[in-house]
Amino acid sequence: MCSKSGSEFPIGKLYNLSPKGAPLLAQYDLDLARTKLTKKQVTQGPHSLWRYKSLLPLQNLDNLISLGEGDTPLIPISRYGQHIGATRLLIKDESTNPTGTFKARGMTVAISMAKELGVTKVATPSAGNAASALAAYAAAANMEAHIFMPTDTPRANYIECKIFGAAVTLVDGLISDCGAIVTERKHKEGWFDISTLKEPYRVEGKKTMGLELAEQLNWRLPDAILYPTGGGVGIIGMWKAFDELERLGWIDKKRPKMIAVQSTGCAPIVKAFEQGMESSCYWEEASTLAAGLRVPKAIGDFLVLQSVSESHGTCLAVTDQELLSAGHSLAEREGFFVAPEGAACCAALEKLLQNNFLDRDEEIVIFNTGTGLKYLDEWTTQIPQASDRS
Ligand SMILES: *Cc1c(COP(=O)(O)O)cnc(C)c1O
């Protein structure tokens, strides 16, 4: 279904954007599922996001390409919580996914669907982690992967892609410049453009973060969710997941405040939210070491802004220095070595507790979207120069 016009399209065909230039979102017969699908069937499923296969688009499991993604832990972080003044704080730790980030969730679904629909060559622009995940899943599916990433993408991503056998082009520009190259060359080269939200299924994979969260909290939702927002696909996906769970009758109407966190070096969605706009404007000279947040103009920005407002949430930005020191403070107290994007949620939470947007006794979930190990150069700046040698 087109996310702008609502017009519908049949399943079983390859799709990019709708004729209106908007993302397509998959729809399920939830009235039927409501009478058939039980929570028990789901909880007895595999220990991966494929336990939710009834809420995913794949028709034939023979086409499944899975590396064991999803089923990530939801863990209380009370020492850090106490330090910043939150009594019921949890972290949803996505660093345990294949290739170390939640991007694997989107790719397992998108690549399985691409295989089902006969694709053999895929291409994407990426700020880094989507490229690693695509390269891994394409390797497993025996597909060609063509990846375009900015030259200053974290080195780990480049190395992973090469080791997975992808064709990598480094572009002296931003992710939007990389996207333009894919758009220009895809028809001639016969590539399927698997850019996020330019095909309908990566968001389906990402929505499983919301399904898992509900299951882990015994089919209810927390008071607030902080999510590091680049393209915002995680927020769009989770919001869709909550709606689907309500239509299944598995959760009630209550929704968490959805809080979109960006970096002050690239905060188009925060700016649009503050100005009360329905969509964002291109952010000039985007720059932040949280590479996943360096998205100057997100194609699904209007959907992110809608979910944030409907949820009575908010959008805010933090500086690179703030996110590094908050991530360091979390690591020292809890033993989580998070990605700078996850660290941004910590810094944002500190602010929202200080200005009383969030209350100390609310149940709050922060998303760590990836492992800190992919960002060794960025985290090295947190280590004092003093010599460790005796
Ligand atoms: C891609 C990415 C993000 C942003 O994800 P969206 O859901 O598209 O906003 C956040 N953190 C990390 C580590 C990422 O790789």
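Residues: numbered from 1 along the sequence shown. Keep in mind that what you see is a predicted model, and the values were worked out from it rather than measured. Atoms within each ligand, like the ligands themselves, are counted from 1 in listed order.
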Please check if Val171 and Met149 belong to a single hydrophobic cluster, counting links between Ile, Leu, Val, Met, Phe, Trp and Tyr side chain heavy atoms closer than 4.5 Å.
no
Is Leu245 reachable from Trp239 through a run of hydrophobic residues whose side-chain heavy atoms are each under 4.5 Å from the next?
yes
Should the pair Lys103 and Tyr137 be classed as cation-pi, given the thresholds of under 6.0 Å to the six-membered ring centre and 45° from the axis?
no
Could you tell me which atoms of ligand 1, counted from 1 in the order shown, lie closer than 4.0 angstrom to a heavy atom of [X]?
| X | value |
| --- | --- |
| Gly292 | 2 (C), 3 (C), 4 (C) |
| Pro228 | 4 (C), 9 (O), 10 (C) |
| Gly234 | 7 (O) |
| Asn129 | 13 (C), 14 (C), 15 (O) |
| Gly231 | 6 (P), 8 (O), 9 (O) |

Could an N or O of ligand 1 be found under 3.5 Å from any N or O of [X], whether backbone or side chain?
| X | answer |
| --- | --- |
| Thr229 | no |
| Tyr375 | no |
| Val233 | yes |
| Gly232 | yes |
| Gly370 | no |

Heavy-atom proximity to atom 14 (C) of ligand 1 ranks first, among Glu341, Glu94, Lys103, for Lys103
Nearest neighbour in protein (non-hydrogen) for [atom]:
| atom | value |
| --- | --- |
| atom 5 (O) of ligand 1 | Phe102 CZ, 3.3 Å |
| atom 12 (C) of ligand 1 | Thr369 OG1, 3.3 Å |
| atom 7 (O) of ligand 1 | Tyr227 OH, 2.7 Å |

Taking Glu246 first and then Lys253, would you say they form a salt bridge - that is, a charged N and a carboxylate O separated by under 4.0 Å?
yes
Students often mix this up, so state it plainly: with edges at 30° and 60°, are the rings of His146 and Trp191 parallel, tilted or perpendicular?
parallel
More than 12 foreign heavy atoms under 6.0 Å from CD of Gln82: is that the case here?
no
Rounded distance (nearest 0.5 Å) linking atom CG of Asn368 with atom OG1 of Thr101:
10.0 Å
Note: Cys315 and Val308 closest approach over all heavy atoms is SG-CG1, 3.9 Å
For Glu204 and Leu55, which heavy atoms make the closest approach, and how far apart are they?
OE1-O, 3.8 Å
